[in-house]
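Beneath this line is the structure, given in structure tokens, with notes to follow.
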Amino acid sequence: MPKAVWNDVVIAESDDIVVLEGNKYFPRASVREDVLRPSEKHTVCLWKGRASYYSLELDGEHAENAVVYYPEPKPDARTIADRVYFTRDVKILD
């Protein structure tokens with residue numbers, strides 16, 4: 001089962017992965033709530049829409065803007081609704 005690992009801790013795991021542009025999108029519900037921290041960062045993708053971010057925090061460690069999601073993806077990107085992907089701070093193990 002694919003896992004998202006940050007600082008040797010599994011923070012998400014799911015068999016329900018969507019791959020888009022090389023990023024593995026995990027269901028939002030599969031991510032540990034206790035490690036997520038809101039972020040004010042937003043970016044825009046012309047075909048996916050407006051991206052929002054979470055930072056990670058656990059045991060005194062912090063990874064700024066390490067989780068990316070599209071709260072309201074555009075129609076062509078609807079497969080990533082309610083999903084997140086992780087930046088290079090997080091290892092994805094298959």
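Computation of the quantities below employed the complete heavy-atom set of this structure, encompassing side-chain atoms and omitting hydrogens, waters and symmetry-equivalent molecules.
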Assess whether side chain to side chain contact (heavy atoms under 4.5 Å, CB included) is satisfied between Val67 and Leu36, documenting all intermediate values.
CA-CA 8 Å; Val67 184; Leu36 297 177; 4.0 Å; yes

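The two residues Ser55 and Asn65 make their nearest non-hydrogen contact at OG-N, 2.9 Å. Contact record, Thr79 with Val18: O-CG2, 3.8 Å, taken as the closest heavy-atom pair. Nearest heavy-atom pair, Pro27 versus Ser30, reported as atom, atom and distance to 0.1 Å: O-OG, 2.7 Å. Smallest separation of non-hydrogen atoms from Arg32 and Val10: CD-O, 3.4 Å.
Under a hydrophobic clustering in which Ile, Leu, Val, Met, Phe, Trp and Tyr are joined whenever their side-chain heavy atoms come within less than 4.5 Å, directly or via other members, Tyr70 and Val31 fall into different clusters. Val5 and Val9 are assigned to two separate hydrophobic clusters, defined by single-linkage of ILVMFWY side chains at heavy-atom distances under 4.5 Å.
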Which side-chain N or O atoms in residues 84-94 pair as donor and acceptor under 3.5 Å with protein atoms at least two apart or in another chain?
{"from": "Thr87", "atom 1": "OG1", "to": "Ala66", "atom 2": "O", "distance (Å)": "3.4"}
{"from": "Asp94", "atom 1": "OD1", "to": "Lys24", "atom 2": "NZ", "distance (Å)": "2.8"}
{"from": "Asp94", "atom 1": "OD2", "to": "Lys24", "atom 2": "NZ", "distance (Å)": "2.6"}

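For Asp16, the side chain to side chain donor-acceptor pair (under 3.5 Å) partners are Arg83, not counting sequence neighbours. The salt bridge (charged side-chain N to carboxylate O under 4.0 Å, His left out) test applied to Asp82 returns no partner, not counting sequence neighbours. Here Arg78 pairs with Pro75 under the side chain to side chain contact (heavy atoms under 4.5 Å, CB included) rule; sequence neighbours left out. Here Glu13 pairs with Lys3 under the salt bridge (charged side-chain N to carboxylate O under 4.0 Å, His left out) rule; sequence neighbours left out. Not counting sequence neighbours, Arg50 has no partner by the side chain to side chain donor-acceptor pair (under 3.5 Å) test.
Pairs engaging residues 32-66 under the ring-ring contact (aromatic ring centres under 6.0 Å, His included) rule: Tyr54-Tyr69 [sequence neighbours left out]. Here salt bridge (Lys or Arg N to Asp or Glu O under 4.0 Å) pairs that include residues 53-77, with residues two or more places apart or in two chains, are Arg37-Glu57.
The distance from the CG atom of Leu56 to the CH2 atom of Trp6 is 5.0 Å, given to the nearest 0.5 Å. Rounding to the nearest 0.5 Å gives a distance of 6.0 Å between SG of Cys45 and CD of Glu21. Ile17 contributes atom CD1, which lies 11.5 Å from atom CG of Asn23 (distance to the nearest 0.5 angstrom).
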